[in-house]
Amino acid sequence: MQSADTPITPLIAGNWKMNRLPSEAQAWLRDLLARLEADADRGSRSELLLCVPFTHLAGMSELAFGTPVGIGAQDVSRHEAGAYTGEVSAPMLADLGVRYVIVGHSERREYHAEDDATVNAKAQRALAHGLTPIVCVGERQAERDAGRAVEVVLGQLAGALEGLEPGSAERLVVAYEPVWAIGTGRTATADDAQEMCAAVRGALRERYPAFGARVRVLYGGSMKPSNAAELLAKPDVNGGLIGGASLEIDDLLAIERATA
Ligand code: PGA
């Protein structure tokens, strides 16, 4: 177990969403790995992760095995196994060597009507199978305008974490992603991101006094090379969940370098 003063290793997590074909993803990953290998002073300043579509997981996990790049999924079924056509279970992901899974992304909440109870069930299922859930929370524009951003986000967080077993919750990751900043090119200011991530951190410390201070809290929403350094310099922003910019190696590496 890390001590309270061990610095947190930032997590730079790409979210490819429904982009790129499995066949081109292999070549892309080979290029990324070659670039990382050539970067002698990269060290281990951050952890790199790519959350890719289900169809890409087997091939990319195999290629990434033993490298500094982790491969994660973008969703998981809340059920263990059985008659759930089209769903993919946590044991299936774990069996492929996948270690991370995004749960409760705002696009799942919006287009697939996922509520906090569903997000909670998915997080529980992921943890039970040794996966790390990246729990996404974030307010809409109207909620921010009404001064309810913190209340909404902490409500989502409480719903997602309800009843999680503290032993396994220790490896949890939380991503603060304001809905109005996702895929829009609009980013939260670094101060707003810090304020929200600090509120998340406060709730985590309260819920998990033994380790809440060390749970990684990411910012997501139009993070890109031009704004990454400022966002990642904030004390409660421990990395990024990056959509559009994670599809280009140059951009992803530039963001990763911004954690140095
Ligand atoms: P974006 O997506 O970086 O393209 O805004 C972030 C996300 O949805 O995780």
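Remember, it's 1-based here, ligands and their atoms both numbered in the order they're listed.
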Tell me whether Glu110 is salt-bridged to Arg140, with the criterion being a basic N under 4.0 Å from an acidic carboxylate O. yes
Show the atoms of ligand 1 that are less than 4.0 angstrom away from any heavy atom in His105. 7 (C), 8 (O), 9 (O)
Residue part near ligand 1, for Glu177, under 4.0 Å between non-hydrogen atoms: side chain
Within 4.0 Å of some non-hydrogen atom of Ser222, the atoms of ligand 1 are 1 (P), 3 (O), 5 (O)
Atoms in ligand 1 with a heavy atom of Gly221 nearer than 4.0 Å: 5 (O)
Taking only distance into account, with no hydrogens and no angle test, what donor-acceptor pairs under 3.5 Å do side-chain atoms of residues 57-73 form with protein atoms, sequence neighbours excluded?
unit_1	atom_1	unit_2	atom_2	d
Ser61	OG	Leu57	O	2.7
Thr67	OG1	Ala64	O	2.6
Thr67	OG1	Val69	N	3.1
Thr67	OG1	Val69	O	3.4

Is the shortest distance from a Lys or Arg side-chain nitrogen in Glu248 or Arg20 to a carboxylate oxygen in the other one below 4.0 Å? yes
Assess, by modelled atom type and distance only, whether the side chains of His105 and Glu114 contain a donor and an acceptor separated by less than 3.5 Å. no
Would you call Arg35 and Glu256 a salt bridge, using N to O less than 4.0 angstrom? no
Backbone of Leu36 reached by a side-chain donor or acceptor of Asp39 within 3.5 Å: no
Heavy atom of the protein closest to atom 3 (O) of ligand 1 (residue, atom name, distance): Gly243 N, 2.8 Å
Less than 4.0 Å is my threshold; does some heavy atom of Lys17 fall inside it relative to ligand 1? yes
Tell me whether Gly183 has any N or O atom under 3.5 angstrom from an N or O of ligand 1. yes
Between Ile182 and ligand 1, find which residue part has any heavy-atom pair under 4.0 Å and reply side chain, backbone, both or neither. both
Ligand 1 atoms in contact with Ala181 (distance to a heavy atom under 4.0 Å): 5 (O)
Please report whether ligand 1 has a polar contact with Glu107, defined as an N or O pair separated by less than 3.5 Å (distance criterion only). no
Can you find an N/O atom of Gly220 closer than 3.5 Å to an N/O atom of ligand 1? no
Which class fits the ring pair Trp16 and His56: parallel under 30°, tilted 30 to 60°, perpendicular over 60°? perpendicular
Hey, does Gly244 come in under 3.5 Å of ligand 1, counting only N/O atoms on both sides? yes
Salt bridge (charged side-chain N to carboxylate O under 4.0 Å, His left out) evaluation trace for Glu170 with Arg214: CA-CA 8 Å; Glu170 196 162 350; Arg214 294 190 310 276; 3.3 Å; yes
